[in-house]
Amino acid sequence: MPLARESFPYLLTGVSVGAAALLFGFPWLGAMALLLSGFIAFFFRDPAREIPGGAGVFVSPGDGKVTEVRSLGLTGGTRVSIFLSLFDVHMNRSPVAGRIDRVRYQEGRFLPANLSRSASENERNEITISSDMGSVRLVQIAGVVARRIVFWKKEGDEVALGERIGLIQFGSRIEVDLPAGVSPEVTVGSRVKGGSSILGVARASAKEQSIAQESGR
């Protein structure tokens, strides 16, 4: 299985230490270093995903468990929060096709990412993506173990639905603000996979519904 390139320095160090320890007669140290290297390879795995088709589809930006689905009130949007454990794939993907309008990195704390207040207090990277269905806010949030947020894109870049855009190393949280007119397809407790699980679907406008009804006659 392919691995994220960010894993290479960790793997090189782990394998080198393990090999040297075995060579110089420290089998337990060597075994521990190689075992740690195996976990790092597991953590940084980057499996291929089948991106769903269809108009108006928003996909999950990461693997994990949905911990929050709530209305944003007057804006008419919906916030979906996903907790990524140490055992989930940590590759982050774009939830929608569009253009990256803004990227803002905010320093902060490293509270456990499953706490709701981690979204406002932890170190995070906030991305705004403009799409045909409205503006989408995506936030990568560091956790108690995660100490590095990686984002490969920059302002002005175009992104495709489900495209790889970055990762958060070693446990984290990710939030998506779906725009008004998008119906969430997940509930609290749902398990999702980045790029392949449908997070929400844009409701057809009254005009589109009328056209569909006319064409179906």
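Computed from a predicted structure; not experimentally measured.
- Other members of the hydrophobic cluster containing I198, listed by chain and number, are I51, V57, V59, L161, V201; membership follows side-chain contacts under 4.5 Å among ILVMFWY residues, whether direct or relayed.
- For E155, there are no side-chain hydrogen bond (donor to acceptor under 3.5 Å, both in side chains) partners, not counting sequence neighbours.
- Inter-residue side-chain proximity for T187 and V69 is flagged as unmet; no heavy-atom pair is nearer than 4.5 Å.
- No side-chain heavy atom of E50 sits under 4.5 Å from any side-chain heavy atom of P52.
- The side-chain hydrogen bond (donor to acceptor under 3.5 Å, both in side chains) search around S197 returns none, not counting sequence neighbours.
- F151 places none of its side-chain heavy atoms less than 4.5 Å from the side chain of L167.
- Taking all atoms of both residues into account, the shortest heavy-atom contact from R164 to W152 is CB-CZ3, 3.9 Å.
- Pairs passing the salt bridge (Lys or Arg N to Asp or Glu O under 4.0 Å) check and including a residue from residues 189-202, sequence neighbours excluded, read D88-R191.
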Criterion side chain to side chain contact (heavy atoms under 4.5 Å, CB included) on I174 and V139, from CA distance to verdict: CA-CA 6 Å; I174 194 162; V139 188; over 6 Å; no

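- To the nearest 0.5 Å, atom CG of residue N92 and atom CD1 of residue I82 are 9.5 Å apart.
- A 4.5 Å side-chain heavy-atom check between Q140 and I127 finds at least one atom pair inside the cut-off.
- When each of V96, I165, L138 is paired with P61, the side-chain contact (heavy atoms from CB on, under 4.5 Å) condition holds for L138 and for no other.
- Side-chain contact between V192 and V66 is present, with heavy atoms from C-beta onward closer than 4.5 Å.
- Among residue pairs with one or both ends in residues 52-63, those qualifying as salt bridge (Lys or Arg N to Asp or Glu O under 4.0 Å) are R49-D63; sequence neighbours excluded.
- Applying the salt bridge (charged side-chain N to carboxylate O under 4.0 Å, His left out) criterion to E126, with sequence neighbours excluded, gives R104, R137.
- Within the 4.5 Å cutoff, no side-chain heavy atoms of R173 are placed close to those of L84.
- Distance check, rounded to the nearest 0.5 Å: CD1 of I141 to CG of N125 gives 10.5 Å.
- Among residues two or more places apart in sequence or in another chain, the side chain to side chain contact (heavy atoms under 4.5 Å, CB included) test is passed with S37 by L11, V15.
- A202 and M133 make their closest contact through CB-SD, 3.8 Å (heavy atoms, listed as atom of the first residue, atom of the second, distance).
- Under the 4.5 Å side-chain heavy-atom criterion for grouping Ile, Leu, Val, Met, Phe, Trp and Tyr, L22 is not connected to M32 through any hydrophobic cluster.
- Nearest heavy-atom pair, R79 versus D177, reported as atom, atom and distance to 0.1 Å: NE-OD1, 2.7 Å.
- Through side-chain heavy atoms spaced under 4.5 Å, either directly or across other Ile, Leu, Val, Met, Phe, Trp or Tyr residues, L35 is tied to no other residue.
- Closest non-hydrogen pair, T78 versus V182, comes out as OG1-O, 4.3 Å.
- Side chains of V186 and V80 form a contact here, defined as non-hydrogen atoms less than 4.5 Å apart.
- Note on residues 15-34: no pairs pass salt bridge (Lys or Arg N to Asp or Glu O under 4.0 Å), not counting sequence neighbours.
- Side chains of V176 and F58 form no contact here, defined as non-hydrogen atoms less than 4.5 Å apart.
- Residue pairs meeting the side chain to side chain donor-acceptor pair (under 3.5 Å) criterion with at least one member in residues 93-102, sequence neighbours excluded: R99-D101, D101-S130.
- Applying the side chain to side chain contact (heavy atoms under 4.5 Å, CB included) rule to T13 yields the partners V17; only residues at least two apart in sequence or on another chain are considered.
- Here the closest heavy-atom approach between residue P179 and residue S135 is recorded as CB-O, 3.7 Å.
- Smallest separation of non-hydrogen atoms from S131 and A97: CB-O, 3.3 Å.
- Both V103 and V136 are assigned to one and the same hydrophobic cluster, defined by single-linkage of ILVMFWY side chains at heavy-atom distances under 4.5 Å.
- In this structure, F24 shares a hydrophobic cluster with L23, F26, L29, the cluster being traced through Ile, Leu, Val, Met, Phe, Trp and Tyr side chains under 4.5 angstrom apart.
- One distance of note links NZ of K65 with OG of S190; it measures 10.0 Å at 0.5 Å rounding.
- A salt bridge links K153 with E163: at least one charged nitrogen is closer than 4.0 Å to a carboxylate oxygen.
- One distance of note links CD1 of I149 with OG of S172; it measures 8.0 Å at 0.5 Å rounding.
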